[in-house]
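Keep in mind that the numbers below use all heavy atoms, side chains included, and drop hydrogens, waters and symmetry copies.
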Amino acid sequence: MKVLKAGLLTTIQDLGRTGYRSSGITTGGAMDAYALRMANLLVGNEEGEAALEVTLIGPELEANTDLLIAVCGAYLEPTMDGEELPMWRPVFVPRGAVLRFGRAVSGCRAYIAAAGGFGVPRELGSRSTDVRAALGGLAGRRLAAGDVLPCGAGQGAAAPSRWAAAWATALARQGEAAAASAPEAAGRRLPWAAAPWFAPPGAYSGGDGEDGIVLRAMPGSEYGQFSVAAREALFRERYTVAPASDRMGCRLTGTPLARETRAELLSHGVTPGAVQVPPGGGPIILAADCQTTGGYPKIAHVAAVDMPLLAQAKPGDTIRFQPVTLAEAQRLDRRREQDIRYLAAAIRSRQP
């Protein structure tokens, strides 16, 4: 796959490199792990295979071999050879076809998976790109125009699964039939074709309404150090995603949260989802590329089940926190994993 235009921030991501936080190496990986997992399942890959993460403004990509792809996550106006490309389903892409993305209409990040994955080397057990550490992905950096990504059979990536190969063949034949019925298409390459079914994106239902994006959160380790007014404001007020937000953290503007205790904290381990409050009082929700240690007090922690919603929050979006107990957050997480298992089984049962 050749990169014609890179977009604002396009990187290779998988589910991250685990087991190295004690050495100061962030886990990283896809901001929206749900969308990445679903895109991989839709092309017959293992859930954690490497895919492209596209942020806010998408790239322009040319297929240098026949591919089976899926696009999941945010809607960035994807087109294939000028025609609207359906998301959340397998799509056959013939060699020479051009996939283009526009700007984020809804959400922030989209994921492009290809059958067989992207054959870049693993570093510390992961293909994920950590731009700050120049680690993983394609030379540890964001994609640039002119890059050629190894994907598809014979391109350095793994061979597509039998399921993916069967769907690629069936959709290619569908394209052939469409071309045969259109005399004006004589001599052109095979048109692309999409499966007639899709996987419903259940991770985002109920998360975005009149109150904006609602994130369920538990009290953090230092919750009791904040004033009563601050604790009430956290779950009452609406906050706005600031332009300075990135893969390390989502910075919020709104009612400052005052801490009553003045003592400094010793640096301690932190993880994605923690809601830190620096001296200015503006909360920061730590995200996939967050540091491994920090010294700011944590007023809350976002439930893992709602981290895909955080990943799709873009500057200007409104966020509201909703209280949840640890037990309920764990129940919701187990239910999400069960739903993914059921959906994975349903996808595998789909035969062309």
Side-chain angles (χ1 to χ4, degrees), residues 21 26-27 31-32 108 203-336:
R21 295 187 71 83
T26 185
T27 303
M31 282 283 287
D32 185 345
C108 181
Y204 315 104
S205 59
D208 193 358
E210 293 182 358
D211 285 336
I213 298 169
V214 178
L215 301 178
R216 287 164 287 195
M218 300 151 280
S221 301
E222 290 73 49
Y223 180 78
Q225 296 182 7
F226 288 84
S227 67
V228 173
R231 285 179 265 166
E232 291 176 348
L234 176 70
F235 292 111
R236 182 187 67 235
E237 302 295 332
R238 300 179 184 181
Y239 289 86
T240 302
V241 178
S245 300
D246 57 16
R247 282 180 47 88
M248 282 193 71
C250 181
R251 294 179 177 270
L252 304 178
T253 60
T255 302
L257 302 174
R259 180 173 172 239
E260 292 183 325
T261 304
R262 297 300 178 186
E264 293 292 329
L265 297 175
L266 294 175
S267 291
H268 52 274
V270 293
T271 59
V275 184
Q276 292 185 321
V277 183
I284 303 170
I285 311 174
L286 300 187
D289 279 353
C290 74
Q291 68 277 19
T292 58
T293 62
Y296 291 142
K298 303 176 297 299
I299 192 171
H301 200 105
V302 174
V305 73
D306 284 344
M307 290 301 283
L309 294 173
L310 176 67
Q312 296 301 344
K314 58 181 179 294
D317 283 351
T318 300
I319 283 179
R320 187 173 68 81
F321 294 101
Q322 183 180 91
V324 68
T325 64
L326 175 60
E328 177 65 5
Q330 291 172 334
R331 186 192 70 80
L332 290 168
D333 194 42
R334 289 193 297 269
R335 181 177 176 182
R336 169 65 51 75

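- Between the Q322 side chain and the R216 main chain, no donor and acceptor come within less than 3.5 Å of each other.
- The backbone N or O of Q225 sits nowhere less than 3.5 Å from a side-chain atom of E260 that would complete a donor-acceptor pair.
- For A303 against A329, the heavy-atom pair with the smallest separation is CB-CB, 4.0 Å.
- In this structure, CZ on R236 lies 11.5 Å from CZ on R320, to the nearest 0.5 angstrom.
- Annotation: the span from K298 atom NZ to I284 atom CD1 amounts to 13.0 Å, rounded to 0.5 Å.
- Considering every non-hydrogen atom in both D333 and A304, the closest pair reads OD1-CB, 4.1 Å.
- In this structure a side-chain-to-backbone donor-acceptor pair under 3.5 Å is present from Y239 to T255.
- Proximity of I299 to P297: side-chain heavy atoms (C-beta onward) are nowhere separated by under 4.5 Å.
- The side-chain heavy atoms of V270 and T293, taken from C-beta on, include no pair separated by under 4.5 Å.
- In this structure, R21 contributes its side chain and Q291 its backbone to a donor-acceptor pair below 3.5 Å.
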Begin with the C-alpha distance, continue with both residues' side-chain angles, and end with the deciding distance and a verdict on side-chain contact (heavy atoms from CB on, under 4.5 Å) for I213 and T318.
-> CA-CA 6 Å; I213 298 169; T318 300; over 6 Å; no

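- Here the closest heavy-atom approach between residue A217 and residue A300 is recorded as CB-CB, 4.2 Å.
- Y223 and F235 have tilted rings, their planes meeting at an angle from 30° to 60° on a 0 to 90° scale.
- The heavy-atom pair separating G280 from P256 by the smallest distance is O-CB, 4.0 Å.
- Contact record, L286 with M307: O-CE, 3.9 Å, taken as the closest heavy-atom pair.
- For the pair R231 (side chain) and F226 (backbone), a donor-acceptor distance under 3.5 Å is present.
- For the pair H301/T271, a side-chain contact is recorded, criterion being any heavy-atom separation below 4.5 Å from C-beta on.
- Within 6.0 Å of CZ in R335 there are 12 or fewer heavy atoms belonging to other residues, nucleotides or ligands.
- R336 places no side-chain N or O within 3.5 Å of a backbone atom of D306 that could act as its donor or acceptor partner.
- In this structure a side-chain-to-backbone donor-acceptor pair under 3.5 Å is present from T26 to C290.
- Rounding to the nearest 0.5 Å places CD of Q312 at 8.5 Å from CE of M31.
- Here the side chain of H268 pairs a donor or acceptor atom with the backbone of G294 at under 3.5 angstrom.
- Closest non-hydrogen pair, C250 versus V241, comes out as SG-CG1, 3.7 Å.
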After noting the C-alpha distance and the side-chain angles of F321 and I285, does the key distance pass the side-chain contact (heavy atoms from CB on, under 4.5 Å) rule?
-> CA-CA 11 Å; F321 294 101; I285 311 174; 3.7 Å; yes

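- Here the rule is side chain to side chain contact (heavy atoms under 4.5 Å, CB included) with V302, and of I319, L309, V275, V324 only V275 fits it.
- One N or O on the side chain of S245 and one on the backbone of R251 form a donor-acceptor pair closer than 3.5 Å.
- With rounding to the nearest 0.5 angstrom, the CD atom of Q276 is 9.5 Å from the CD atom of E222.
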